[in-house]
Amino acid sequence: MIELTKEFIEDIEQIIEAKDDAKAISILKDLHPADIAELYQELDHKDAIYLYQLMDSDKAADVLMELEEDDRHKLLKDLPSEVIAKQFVDKMDSDDAVDLMRELDEDTQEEILSHIEDMEQAGDIVDLLKYDKDTAGGLMGTEMIVVNENWSMPKCIDEMRKQAEDMDEIYNVYVIDDEERLRGVLPLQKLITTPSISKIKHVMKKDPVYAHDSDTIEEVTEAITKYDLVALPVVDSIGRLVGRITVDDVMDEIQEQHERDYQLASGISQDVESSDKVLVQTAARLPWLLIGMIGGLSNSFILGGFEAGFANNPKMALFIPLIGGTGGNVGIQSSAIVVQGLANNSLKNKHIFKQVAKETAVSLVNATIISLIVFAYNYFTLGDHNITISVSISLFAVVLFASISGTIVPMLLDRFKIDPAHATGPFITITNDIIGMLIYMATTTLLMR
């Protein structure tokens, strides 16, 4: 790994300015594709294009997939379809090629496919593009070692050698029957230790873990995580082996999902990058800001209804931030735990009552401790017993309500196939703020009377 220091980048810029191809190629040869992609972010677009043209096709393809989406679009825009097809798509694994193709419009996709010389690869890409990108079929690749259960060991080894010539990495050897249905996995150890007269079906590991091509990415992630797999075979509706998903593909998807959920929880309604244009970022942020504004106006309306109470006892206003802030924090904590449980499938909707009961118990303890602390503080410093009691009772009720609503809302959204990440952040904060004010004002008014 080479650190991209300021001095290193300046040296690269001088090499580019001098058009020293030999020195540039020597430096690029020692850099990992991820480091080259990071380097591109520090260079002008023209300089990046210059370096890109110096790389061999295999490395250029790897670098392309490491680039940020905007940088990749910018680079592809300056290249003809034939170059994209022969220099990139031809050199990529099918799953990476499909990811790249999904970023292009249909006309460009057709042009690129027409320039791919390997018709089998072009056919695989067309087939994979038909799958929804959020399913196992949309995530899988077709590069894998496949053997027939009726083959002998010598034939199996010969076929594996032929298939492995065009593969960068071998994760598993999959066994199929004559109808191409998945039957098992062949451990490499068996190839060495088993007599050559044995048929594959007698030494294979039967009943392997697999995914259906229609399974969601969450289901694929759960299977790979649960069984500690490096690769997961994918079958169609009648059990035929159609592809495989590797753990690195899943990790990329998990990271993207976490980024989307984090943005949703922060009140950003769509996936954006820091490099996106002002209008794109504004459109993503403005909806929740407007909802927050409506929530703030609603709070003002509620507080306006108790204007006489504030006039008679101004100390009531001192605890408005405490009530609102505590309710929002408790709600976010509860919803964050539930959303995480739903995301990793450790929390099922059938456990909703059990989870609500547990959260109620936790909130009762928290509410009691917080209320007693605030009660003790106000009792010795405030000098107004009505407000002291009102604030403590209100805090207890607000913590209880916020905790239970933060648990129930994400689970209900998940049941109705809505991303539960919507429940965290601004939604919970605004809701609990309004309910908290109503509880506080109503409790204080009743005690005053």
Side-chain angles (χ1 to χ4, degrees), residues 1-104 108 111-112 115-118 121-122 125 141 143 161-171 230-231 246-249 251-252 255-256 273-275:
M1 179 178 175
I2 297 177
E3 187 177 356
L4 301 181
T5 61
K6 183 179 178 181
E7 291 75 16
F8 179 80
I9 294 171
E10 288 176 351
D11 289 343
I12 291 288
E13 290 174 338
Q14 290 176 3
I15 292 171
I16 294 172
E17 188 177 351
K19 302 295 182 186
D20 191 341
D21 293 2
K23 197 166 185 179
I25 291 171
S26 175
I27 293 175
L28 291 172
K29 185 179 179 181
D30 296 330
L31 285 176
H32 188 276
D35 292 326
I36 299 175
E38 186 179 345
L39 173 62
Y40 279 8
Q41 296 178 354
E42 306 295 332
L43 299 175
D44 291 335
H45 182 59
K46 289 183 179 179
D47 292 344
I49 290 288
Y50 167 78
L51 287 182
Y52 211 87
Q53 293 172 340
L54 296 177
M55 288 184 288
D56 62 79
S57 298
D58 289 331
K59 193 159 194 174
D62 291 338
V63 172
L64 187 68
M65 297 311 297
E66 293 286 350
L67 291 173
E68 294 288 340
E69 190 173 334
D70 288 343
D71 293 332
R72 189 159 55 241
H73 283 172
K74 210 180 287 185
L75 184 65
L76 293 175
K77 194 183 294 183
D78 291 341
L79 298 172
S81 299
E82 186 175 0
V83 173
I84 297 174
K86 294 182 178 180
Q87 191 167 352
F88 303 130
V89 178
D90 266 347
K91 307 298 180 182
M92 292 178 174
D93 288 341
S94 56
D95 51 345
D96 289 334
V98 170
D99 288 342
L100 176 64
M101 296 286 278
R102 287 188 196 280
E103 298 176 9
L104 307 171
T108 306
E111 286 182 26
I112 292 172
H115 291 297
I116 296 176
E117 296 177 355
D118 187 342
Q121 184 189 20
I125 293 173
E143 292 80 14
R161 285 172 179 163
K162 294 176 185 177
Q163 295 179 38
E165 288 179 358
D166 298 325
M167 296 182 62
D168 296 327
E169 295 176 329
I170 299 173
Y171 296 96
V230 294
T246 58
V247 66
D248 58 320
D249 296 325
M251 292 304 296
D252 290 340
Q255 182 178 354
E256 288 181 13
E273 301 288 343
S274 58
S275 57

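Start at 1 with the first residue, then count along the sequence.
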So side chain to side chain donor-acceptor pair (under 3.5 Å) across residues 42-54, not counting sequence neighbours, yields D21-Y50, H45-D78
I112 and F88: side chain to side chain contact (heavy atoms under 4.5 Å, CB included), yes or no, with the steps? CA-CA 10 Å; I112 292 172; F88 303 130; over 6 Å; no
State which residues pass side-chain hydrogen bond (donor to acceptor under 3.5 Å, both in side chains) with E111; sequence neighbours excluded, sorted by chain then number. S81
I'd like to know whether NZ of K59 has more than 12 heavy-atom contacts from other residues, nucleotides or ligands below 6.0 angstrom. yes
CD1-CD1 distance between I116 and I84, expressed to the nearest 0.5 angstrom: 11.0 Å
Show your reasoning for whether side chain to side chain contact (heavy atoms under 4.5 Å, CB included) applies to I36 and L51. CA-CA 9 Å; I36 299 175; L51 287 182; over 6 Å; no
Under the rule for salt bridge (Lys or Arg N to Asp or Glu O under 4.0 Å), what residues qualify as partners of E103, not counting sequence neighbours? R72
Mind listing the closest non-hydrogen atom pair of H115 and A85 along with its distance? CB-CB, 3.6 Å
Could you pull out all residues at least two apart from D11 that satisfy side chain to side chain contact (heavy atoms under 4.5 Å, CB included)? Q14
Who pairs with D248 by side-chain hydrogen bond (donor to acceptor under 3.5 Å, both in side chains), at least two apart in sequence or on another chain? T246
Contact between D90 and Q121 at the side-chain level, heavy atoms closer than 4.5 Å - yes or no? yes
Under the rule for side chain to side chain contact (heavy atoms under 4.5 Å, CB included), what residues qualify as partners of V230, not counting sequence neighbours? Y171
For E82, what residues pass the side-chain hydrogen bond (donor to acceptor under 3.5 Å, both in side chains) criterion, not counting sequence neighbours? K86
Looking at residues at least two apart in the chain, or sitting in another chain, which of them share a side-chain hydrogen bond (donor to acceptor under 3.5 Å, both in side chains) with T108? D105
Please test D71 against Y40 for side chain to side chain contact (heavy atoms under 4.5 Å, CB included), starting from the C-alpha separation and ending with a verdict. CA-CA 8 Å; D71 293 332; Y40 279 8; 5.6 Å; no
Anything under 3.5 Å between a donor and an acceptor, one on a side chain of residues 94-102, the other on a protein residue two or more places apart or in another chain? List them.
{"from": "S94", "atom 1": "OG", "to": "T142", "atom 2": "N", "distance (Å)": "2.8"}
{"from": "S94", "atom 1": "OG", "to": "T142", "atom 2": "OG1", "distance (Å)": "3.2"}
{"from": "S94", "atom 1": "OG", "to": "E143", "atom 2": "OE1", "distance (Å)": "2.9"}
{"from": "S94", "atom 1": "OG", "to": "E143", "atom 2": "OE2", "distance (Å)": "3.3"}
{"from": "R102", "atom 1": "NH1", "to": "Y131", "atom 2": "O", "distance (Å)": "3.3"}
{"from": "R102", "atom 1": "NH2", "to": "L128", "atom 2": "O", "distance (Å)": "3.3"}
{"from": "R102", "atom 1": "NH2", "to": "Y131", "atom 2": "O", "distance (Å)": "3.3"}

If you look at every heavy atom in A61 and M92, which pair is closest and at what distance? O-CE, 3.7 Å
For A48 and L43, the nearest pair of non-hydrogen atoms, with its separation, is N-CB, 4.5 Å
